[in-house]
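Comments concern the structure below.
Hydrogens, waters and symmetry mates are skipped; everything else that's a heavy atom, side chains included, is used. Predicted model only: the values in this text are computed from it and were never measured. In this chain, numbering begins with 1 at the start of the sequence shown.
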Amino acid sequence: MATRLFEGKEHASYYQKYRFSPAPEIQDLIFSYLNERLNKPYELAVDVGCGTGQSTQILSPHFKKVLGTDISEAQIEEAANALKLPNTTFRAAPAEEVPVDDASVDLLTACAAVHWFDIVKFLKEVDRILKPGGCLAFFSYLPHMEVHYKDRSEQMTKVFSEVEDVLSKYQHEKVHHVKTAYKEIFDSIPYTDKVRKHDMATKTKMPLADVIGLIQTFSMFQTYRRLEPEKANDFIKTIEQR
């Protein structure tokens, strides 16, 4: 069954503020793959598990219509309020029940999301809604990140690594799909024309406050805060001070 860890309004607010859109390198990879397999103009893209829409908005310039779906109504509300794009709509819906017609979707994406789905049911739904020649793109960033700043990069990355160690005890079992770069999910995709790329390095600039905010968007931090709120709040203050 699908896993629901992103339901709260406060969590959704953090998500909207601190999650970032896929890097240009990822976008280029997706659209070059699509361009090789499907002729323009593109009609419909669906971003499943869209959260607050950071991965949905990159689709808008390329398609006549874009739909972002997420099982969390709080996430969808944040997305709809933050992004006012004329060809883009958001709907609360489970990934396994996408509200579109059969064989209608040119591109289906899931950014940092597919590992939370019921994979068997979801792939059946994908098969229902994709056009002949339509494409999938499942992608995520790995939990390990490096933090670079002037001559303090090594020290700051060490702090971030310690954050990962502390939060690892609160992570859901499905996060193992991310740590294995989606290999099991890739193997379960029933199509022969497929490509898996991993170990791609990308860079994103952000102020320190956004790094601290990003940590608080992680599902394992939210679990920590729910189980031990005082410790979790002290932990994030200590990390920021360090």
Side-chain angles (χ1 to χ4, degrees), residues 1-22 47-58 67-85 88-96 109-118 139-145 147 156 159-175 177-179 204-242:
M1 63 183 296
T3 304
R4 306 181 67 159
L5 295 176
F6 301 86
E7 301 294 312
K9 285 185 175 293
E10 183 182 28
H11 192 182
S13 177
Y14 273 103
Y15 214 91
Q16 195 285 317
K17 189 172 183 180
Y18 297 115
R19 286 289 174 120
F20 44 86
S21 292
D47 185 27
V48 183
C50 68
T52 51
Q54 286 88 339
S55 55
T56 315
Q57 63 184 350
I58 69 168
L67 172 65
T69 70
D70 199 283
I71 200 168
S72 166
E73 292 187 3
Q75 297 274 340
I76 289 296
E77 183 178 351
E78 286 283 349
N81 289 335
L83 299 173
K84 306 293 185 182
L85 301 169
T88 301
T89 56
F90 294 95
R91 293 273 301 275
E96 301 80 10
T109 61
C111 173
V114 71
H115 51 285
W116 300 120
F117 304 163
D118 181 322
F139 50 103
S140 186
Y141 37 80
L142 294 170
H144 176 68
M145 299 180 187
V147 184
M156 295 185 77
V159 173
F160 201 93
S161 179
E162 291 171 12
V163 170
E164 297 169 24
D165 292 341
V166 170
L167 296 184
S168 64
K169 68 180 74 172
Y170 300 98
Q171 74 182 25
H172 193 279
E173 61 184 10
K174 287 188 175 182
V175 174
H177 286 301
V178 180
K179 293 188 172 183
T204 301
K205 290 185 178 181
M206 62 179 69
L208 177 61
D210 285 15
V211 177
I212 301 302
L214 178 65
I215 293 168
Q216 294 175 84
T217 71
F218 296 159
S219 61
M220 55 278 277
F221 178 80
Q222 292 295 318
T223 300
Y224 185 18
R225 176 174 276 169
R226 177 169 49 81
L227 295 175
E228 303 181 79
E230 290 188 10
K231 286 186 178 180
N233 289 334
D234 288 344
F235 170 73
I236 207 71
K237 289 177 184 176
T238 300
I239 293 302
E240 185 170 22
Q241 290 167 356
R242 291 180 63 193

Open item on the list: I'd like to check the side chain to side chain contact (heavy atoms under 4.5 Å, CB included) partners of A95; sequence neighbours left out, ordered by chain and number.
Closed with: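 A95: side chain to side chain contact (heavy atoms under 4.5 Å, CB included) contacts with V48, F117, F122.
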
Just to verify, what does S55 make a side chain to side chain contact (heavy atoms under 4.5 Å, CB included) with, not counting sequence neighbours?
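For S55 the side chain to side chain contact (heavy atoms under 4.5 Å, CB included) partners, ignoring immediate neighbours, are P22, D47, C111.
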
Margin query: side chain to side chain contact (heavy atoms under 4.5 Å, CB included) for I58 and T109? Distances and angles first, verdict last.
Written below: CA-CA 11 Å; I58 69 168; T109 61; over 6 Å; no

Exercise. Given the rule in the side chain to side chain contact (heavy atoms under 4.5 Å, CB included) test, do L208 and M156 qualify, once you have shown the distances and angles that lead to the verdict?
Worked result: CA-CA 10 Å; L208 177 61; M156 295 185 77; 4.1 Å; yes

[X] [atom1] to [Y] [atom2] distance, which is reported to the nearest 0.5 Å:
| X | Y | atom1 | atom2 | result |
| --- | --- | --- | --- | --- |
| E77 | S13 | CD | OG | 10.5 Å |
| L83 | E78 | CG | CD | 10.5 Å |
| F160 | D165 | CZ | CG | 11.5 Å |
| T204 | Y141 | OG1 | OH | 9.5 Å |
| H11 | Q75 | NE2 | CD | 6.5 Å |
| Y224 | K169 | OH | NZ | 7.5 Å |

Please confirm whether the backbone N or O of [Y] pairs with a side-chain atom of [X], one donor and one acceptor, at under 3.5 Å?
| X | Y | answer |
| --- | --- | --- |
| Q54 | R19 | yes |
| D70 | G51 | yes |
| T223 | S219 | yes |
| K84 | A80 | yes |
| Q216 | Q222 | no |

Under 30°, 30 to 60°, or over 60°: which ring-plane class applies to W116 and H172, parallel, tilted or perpendicular?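 The arrangement is perpendicular - the two ring planes meet at more than 60°.
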
Walk me through whether V163 and F221 qualify under side chain to side chain contact (heavy atoms under 4.5 Å, CB included).
CA-CA 9 Å; V163 170; F221 178 80; over 6 Å; no

Which atom pairs, donor and acceptor, lie under 3.5 Å between side-chain atoms of residues 229-237 and protein residues at least two apart or in another chain?
from: K231; atom 1: NZ; to: E228; atom 2: OE1; distance (Å): 3.2
from: N233; atom 1: OD1; to: R225; atom 2: NE; distance (Å): 3.2
from: N233; atom 1: OD1; to: R225; atom 2: NH2; distance (Å): 3.1
from: N233; atom 1: ND2; to: P229; atom 2: O; distance (Å): 3.2

Do you know which two heavy atoms are closest between [X] and [Y], and how far apart they sit?
| X | Y | result |
| --- | --- | --- |
| A12 | T52 | O-CG2, 3.6 Å |
| G68 | I76 | O-CD1, 4.0 Å |
| G53 | A79 | N-CB, 4.0 Å |

Problem set entry | side-chain hydrogen bond (donor to acceptor under 3.5 Å, both in side chains) involving S168 - partner list, sequence neighbours excluded |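 By the side-chain hydrogen bond (donor to acceptor under 3.5 Å, both in side chains) rule, S168 matches no residue at all.
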
TODO: Taking atom types as modelled, find out whether Q57 and S21 have a side-chain donor-acceptor pair closer than 3.5 angstrom.
DONE: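 Side-chain D/A pair, Q57 to S21: present.
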
Handout entry: Partners passing ring-ring contact (aromatic ring centres under 6.0 Å, His included) against Y14 (at least two apart in sequence or in another chain)
Key =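 ring-ring contact (aromatic ring centres under 6.0 Å, His included) list for Y14, sorted by chain: Y18.
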
_4.5 Å side-chain heavy-atom contact, L214 and V211_ =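 Result no, sub-4.5 Å side-chain heavy-atom pair not found.
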
- request: Take T88 and T56 through the test side chain to side chain contact (heavy atoms under 4.5 Å, CB included) and record every step on the way to the result.
  value: CA-CA 8 Å; T88 301; T56 315; 4.0 Å; yes

Sequence neighbours excluded, which residues qualify as salt bridge (charged side-chain N to carboxylate O under 4.0 Å, His left out) partners of R242?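 Once residues adjacent in sequence are excluded, the partners of R242 under the salt bridge (charged side-chain N to carboxylate O under 4.0 Å, His left out) criterion are E162.
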
